[in-house]
Amino acid sequence: MFWIKNLVRISPTTSSVGNLFKNSESYTLSSRFCTALQHQQQSETVQATEVANGLEPQPQRYDGLAPTKEGEKPRVLVLGSGWAGCRLMKGIDTSIYDVVCVSPRNHMVFTPLLASTCVGTLEFRSVAEPISRIQPAISREPGSYYFLANCSKLDADNHEVHCETVTEGLSTLKPWKFKIAYDKLVLACGAEASTFGINGVLENAIFLREVHHAQEIRRKLLLNLMLSDVPGISEEEKKRLLHCVVVGGGPTGVEFSGELSDFIMKDVRQRYAHVKDDIRVTLIEARDILSSFDDRLRHYAIKQLNKSGVKLVRGIVKEVMPQKLILDDGTEVPYGLLVWSTGVGPSSFVRSLGLPKDPGGRIGIDEWMRVPSVQDVFAIGDCSGYLESTGKSTLPALAQVAEREGKYLANLLNVMGKAGGGRAYSAKEMELGEPFVYKHLGSMATIGRYKALVDLRESKEGKGISMAGFVSWFIWRSAYLTRVVSWRNRFYVAINWLTTFIFGRDISRI
């Protein structure tokens, strides 16, 4: 009973331990959150009482970040954690600004390698870079924050945004609403996959834009492989389960088809010998695949994909059902896995904003990434496009475009801050210098079987280097390995590639 005596002896000291904890930073943060939650609950109770008594309810109170004061650093608010937003946060001078990021994900996705994670060539952590590593000030500086939330409203007149926390999967916690005042606002909220209004796409297809999409594809693929081997399953159902359909012949669709064909030829044939002859891959495209590449490279890609067993179908999807899709000529295509990769368009949040739009429905900007109709608001990445008044054509929704826009705007904001234009309304008459100019560095895509395409021309009609084959594949891997954001993830990617080469892909369904 010695431990009981020790417990009795220790118990009187718990009050001092409690006092010590109350003085800690953790207690302060939790107290603030609890206080904010109590404010919301009290506000909801008051509103319900007013409605019950027939009174007009008072406006609900929102807590948040108040406008910055004299002596404090001006605040840059970034909406989004994609290529554009993260490159801007990386380049912003935190000795001039406080940085606040609002996004439903706390990491950046290295999208060029996302297709490799679907079949186990890479692990998911290899393509996810935490925001706090990209901009350490967010986790260190007292005025810089990251909030797991979505922006629900922009109040440009009052220089504030309304946000709502993301509580996905937590049924016991209501979303908390709050406001954030800003000095400079950067809209980098990206785009969403285009469905072209086709019935059934959202319900039945899987997109390939986020890590959770890749996880879902991997689980579905491995599940279908295992179910197809169950005794008693009909031959027709077996063929449906093992039919993987990819809609969209752009770089993402082609790269995923190539990775999938590699997985089938090198891993499925060894570890699922009973079904190795039944698994198929079909790539559906309305026009030509890889339309932005040189014609010679496109023909090479078609030849290699056919060698890998990928069936190319030209057609337009008219309807998607739970187990089959219908093309414009009436052809029915059964599938077990459907991956949708047909480009992107404006998100519902972008469409809801009362800001000028470009011809494609994206947020309209000028040559300095500004939204001309409002003060201190900028837009970069896939959510933005040049206004018609600029006379410039909208740039493609590519990672290299978004990254360079983020780098340019970070430098522009740094210059403005050093010149005293960091605060709200302070840069109205400021000279901004050279406008943004985009120069295309080329395109690359892997097509499986240690083959890739490298097209270094500035445009499809321009002159430059274009090559295909093993050397291109080596250039593709080397280029993307150096473009991975952190040394930690570069190490992960290199080790994953080496492990896959020696031992094969991981086929565990976790």
Side-chain angles (χ1 to χ4, degrees), residues 20-36 63-110 125-151 160-161 163 165-166 176 178-189 211 376 378 380 403 406-407 409-418 421-424 484-492:
L20 178 63
F21 177 72
K22 287 182 179 181
N23 291 330
S24 69
E25 183 179 358
S26 301
Y27 180 83
T28 304
L29 292 174
S30 62
S31 298
R32 289 175 181 173
F33 177 78
C34 293
T35 303
D63 286 337
L65 297 181
T68 56
K69 302 175 182 178
E70 287 295 331
E72 297 178 342
K73 290 187 285 187
R75 180 182 300 137
V76 174
L77 174 59
V78 183
L79 301 184
S81 56
W83 281 87
C86 287
R87 184 59 184 87
L88 177 133
M89 287 188 284
K90 181 179 181 180
I92 205 76
D93 189 344
T94 53
S95 66
I96 301 174
Y97 295 102
D98 283 330
V99 180
V100 176
C101 177
V102 174
S103 175
R105 69 181 189 200
N106 70 341
H107 59 274
M108 170 193 162
V109 180
F110 193 80
R125 75 180 71 182
S126 303
V127 299
E129 191 68 47
I131 294 174
S132 58
R133 287 182 177 271
I134 295 172
Q135 179 46 265
I138 284 180
S139 57
R140 297 176 184 173
E141 298 293 328
S144 297
Y145 303 93
Y146 163 75
F147 296 124
L148 185 71
N150 282 314
C151 178
E160 64 183 15
V161 296
C163 302
T165 56
V166 175
W176 170 246
F178 58 97
K179 296 178 183 179
I180 303 176
Y182 63 84
D183 292 289
K184 306 295 179 187
L185 172 64
V186 180
L187 299 169
C189 39
V211 171
D376 300 317
F378 304 82
I380 53 177
E403 184 182 26
K407 181 180 180 181
L409 185 55
N411 292 333
L412 180 63
L413 291 175
N414 290 340
V415 171
M416 291 170 61
K418 291 175 182 177
R423 297 207 171 272
V484 173
V485 178
S486 69
W487 281 102
R488 184 195 71 157
N489 277 20
R490 289 174 196 168
F491 179 78
Y492 280 156

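Throughout, numbering of the chain's residues begins at 1 and tracks the sequence.
Between Phe178 and Asp63 the shortest heavy-atom distance is CB-O, 2.8 Å. The two residues Ile96 and Pro74 make their nearest non-hydrogen contact at O-CD, 3.3 Å. The minimum heavy-atom distance between Ala149 and Val102, with the atom names listed, is O-CG1, 3.5 Å. Closest of all the heavy-atom pairs between Gly406 and Ile380 is CA-CD1, 3.9 Å. Here the closest non-hydrogen pair linking Arg423 and Gly71 is NH2-N, 4.1 Å. Heavy-atom minimum distance, Leu148 versus Pro104: CD1-O, 3.3 Å.
Note: Phe147 CZ to Cys101 SG = 10.0 Å, rounded to the nearest 0.5 Å. Note that OH of Tyr146 is 13.0 Å distant from OG of Ser139, once rounded to the nearest 0.5 Å. Taken from CE in Met89 to CD1 in Ile138, the straight-line distance is 5.0 Å, to the nearest 0.5 Å. In this structure, CH2 on Trp487 lies 14.5 Å from CZ on Arg133, to the nearest 0.5 angstrom. To the nearest 0.5 Å, the span separating CG on Leu187 from CZ on Phe378 amounts to 10.5 Å. Annotation: the span from Ser81 atom OG to Ile134 atom CD1 amounts to 8.0 Å, rounded to 0.5 Å.
When atom types are taken as modelled, the side chain of Asp183 and the backbone of Arg75 share a donor-acceptor pair closer than 3.5 angstrom. Looking at Tyr97, its side chain does come within 3.5 Å of a backbone N or O of Gly417 through a donor-acceptor pair. Lys73 contributes a side-chain N or O that, together with a main-chain N or O of Thr94, makes up a donor-acceptor pair within less than 3.5 Å. Side chain of Asp376 to main chain of Tyr182: no donor-acceptor pair is present (N/O by atom type, distance under 3.5 Å, no hydrogens or angles). In this structure a side-chain-to-backbone donor-acceptor pair under 3.5 Å is missing from Asn414 to Ile92. Gln135 contributes a side-chain N or O that, together with a main-chain N or O of Ala137, makes up a donor-acceptor pair within less than 3.5 Å.
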Does the pair Tyr145 and Leu65 meet the rule for a side chain to side chain contact (heavy atoms under 4.5 Å, CB included), with working shown?
CA-CA 10 Å; Tyr145 303 93; Leu65 297 181; 4.0 Å; yes
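Considering Met108, Arg490, Arg87 as possible partners of Val485, the one that fulfils the side-chain contact (heavy atoms from CB on, under 4.5 Å) test is Met108. Each of Val100, Val186, Asp98 was checked for a side-chain contact (heavy atoms from CB on, under 4.5 Å) with Leu77, and the lone residue meeting it is Val100.
Partners of Glu403 by salt bridge (charged side-chain N to carboxylate O under 4.0 Å, His left out), not counting sequence neighbours, listed by chain and number: Arg483.
The number of heavy atoms from other shown groups lying within 6.0 Å of CZ (Arg105) is above 12.
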